[in-house]
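Every chain is numbered from 1 and lettered A, B, ... according to where its sequence line falls, protein lines coming before strand lines. Note that these values count all heavy atoms, side chains included, but never hydrogens, waters or copies made by symmetry.
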There are 2 protein chains.
Amino acid sequence: MKPQTPELMTILHDRLTMAHYRLGEKLRPALLAEEFKVSPNTVREIMLRLSAVGLLEYEDQRGFRVAASSDQRLHELTEFRILLEQQGVTRSIANGGIEWEAQMTAAHHKLSHIEARIARTDDIPALLRPWNAAELEYHLSLMGAAELPILQQTFRNVYSMFRQQIITPERGYSHHGSNVAEHQRILEAALDRDASACRSAIRDHLSRNLLANAAAA
Amino acid sequence: MKPQTPELMTILHDRLTMAHYRLGEKLRPALLAEEFKVSPNTVREIMLRLSAVGLLEYEDQRGFRVAASSDQRLHELTEFRILLEQQGVTRSIANGGIEWEAQMTAAHHKLSHIEARIARTDDIPALLRPWNAAELEYHLSLMGAAELPILQQTFRNVYSMFRQQIITPERGYSHHGSNVAEHQRILEAALDRDASACRSAIRDHLSRNLLANAAAA
DNA sequence: AAGCCAAGAAATTTCAAAATTTTGCGGAAT
DNA sequence: ATTCCGCAAAATTTTGAAATTTCTTGGCTT
């Protein structure tokens, strides 16, 4: 029997960020253990790790719960995303070379492709996984030349929590036709090495998730 | 028998951030389990959580290791600390009121007290715990009015990793006489609501840990 | 009827051992 | 002398159940 934890970790992470469970729902290790034919402790171990990165809430002696839904939490996650992405792209513009531009362009190309497919389908959930991967890769590529791995790692975590909040049936899976144009605008500003324009484009892209649509930063 | 995990978690967290183990040292759950009279699994559970926040390195099927020491890692952690603190204090200056100023002043007062004691003693390790707590509280108070809890939580993690790198006998526990004046300068700039001066003071305070003492940001 | 307590049920935490994998070492072959 | 193989020892992962705590329910008191 091979180590099944990494695999199960991925499955749970995907479920938590792709609308498999309702926000605030209680999750019992014993039930998942039965579903996956492993011991409850193996699941518990994974869930403790997922709670350490913010996808699950954990309270001593009373188990696990999917992070609750609230406009306030989404607002905070969005603000922090904006902060990290703006700083990341600003540093990339300062440090990045041709290699950075190439990776960014490639990631944008892939993202455009999957976004076009999503616009044409009725079954968004089926495309959630590749979409999620492509958008994360694109946003990571923006800060790919910042030479600050810990910034990227932090962004991964924040991005996961953000997606968990916004990828829900109620919010229409956060699909907006304007996404394509906004991603395009961010890319162009980055390639132009216009840090200021890039920061504005990033804020505009995410601002629809803010509570009171605030001004620039 | 009462839940001993939270307590043990604190002990290990303290050890990892206060020079109890050498950086890069291998840690075996079974040994710690014997030391604390608990089961190996209980320790393993805790260590997996600590590795999720960056204090331990974990590799599948080959156990745990204290994060390795390197000037490069310290550089990155410092850069990220500067980024987070500058953004946090800038937002606090914009949002903060009298309550923020009071908390900041109180935290600085406590920090000054403990730093004065440290300057007088030969046995720095004995004061590590209160010093650690006071400095963390002070730096957190700077971003206390940013209204972005996730920024503070992220800072806690980064601060822990930073301390883990720098609080070592080899580095003299990072005790510098100039710390007092630097903390003072940051506080005054914050109270003056001078965001630009505050950002400079923060960078100057931390810049000795950067690889090539870079310019302002 | 509302509140409180106790007893049973359910869920969580801890444990110790079994199963698996990695590591270390000695001997054979090149 | 060096490399490669395989066996033994050590370490890690998984398990399933025992111990503990929290939650629920029914009955009793006010």
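- The ring pair (Phe, Tyr, Trp, His ring centres under 6.0 Å) analysis of residues 65-109 of chain A, with sequence neighbours excluded, yields the pairs A:His108-A:Tyr138.
- Here the nucleotide nearest the side chain of A:Arg44, chosen from D:dT13, C:dT13, C:dT14, is C:dT13.
- B:Ile46 places its CD1 atom 11 Å from the C1' atom of C:dT14, with the value rounded to the nearest Å.
- Between the C1' atom of D:dT14 and the CZ atom of A:Phe36 lies a distance of 16 Å, rounded to the nearest Å.
- Atom CE in A:Met9 sits about 17 Å away from atom C1' in D:dT14, given to the nearest Å.
- Between the side chain of B:Asn41 and the base of D:dT15 there is at least one donor-acceptor pair of N/O atoms closer than 3.5 Å.
- Side chain of B:Glu34 to backbone of B:Ser39: no donor-acceptor contact under 3.5 angstrom is found.
- The nearest whole Å value for the distance from the CG atom in A:Asp60 to the C1' atom in D:dT20 is 12 Å.
- Residue pairs meeting the ring pair (Phe, Tyr, Trp, His ring centres under 6.0 Å) criterion with at least one member in residues 110-132 of chain B: none, sequence neighbours excluded.
- The minimum heavy-atom distance between A:Cys198 and A:Val89, with the atom names listed, is SG-CG2, 3.6 Å.
- The shortest distance between the side-chain N/O atoms of B:Thr42 and the OP1/OP2 oxygens of C:dT13 is not below 4.0 Å.
- Nearer the 5' end of DNA chain D, as judged by each residue's closest nucleotide, is the contact made by B:Tyr58, out of A:Pro40 and B:Tyr58.
- Out of C:dT22, C:dC15, C:dT14, the shortest distance to the side chain of B:Val38 is found at C:dC15.
- Under the 3.5 Å distance criterion, the side-chain polar atoms of B:Ser92 are matched with a main-chain donor or acceptor of B:Leu142.
- Between the side chain of A:Glu85 and the backbone N or O of A:His139 there is no donor-acceptor pair closer than 3.5 Å.
- Going from atom CZ of A:Phe64 over to atom P of C:dA10 covers 21 Å, rounded to whole Å.
- Listed nucleotides: C:dT23, D:dT22, C:dC15. Nearest to the side chain of B:Arg62: C:dT23.
- Look at CZ on A:Arg49: it is 11 Å from C1' on D:dT13, rounded to the nearest Å.
- Annotation: proximity of residues 27-35 of chain B to DNA chain D (heavy atom, distance under 4.0 Å) is found for B:Arg28, B:Pro29, numbered in ascending order.
- Between B:Lys37 and C:dA16, a side-chain N or O to OP1/OP2 separation shorter than 4.0 Å is absent.
- Regarding B:Gln61, its CD atom lies at a distance of 12 Å from the P atom of C:dT20, rounded to whole Å.
- The phosphate of D:dT12 has OP1 or OP2 within less than 4.0 Å of a side-chain N or O from B:Lys26.
- Distance, B:Glu45 CD to D:dT12 P: 17 Å, rounded to whole Å.
- Distance alone, capped at 3.5 Å, is enough to place a donor-acceptor pair between the B:Gln164 side chain and the B:Leu55 backbone.
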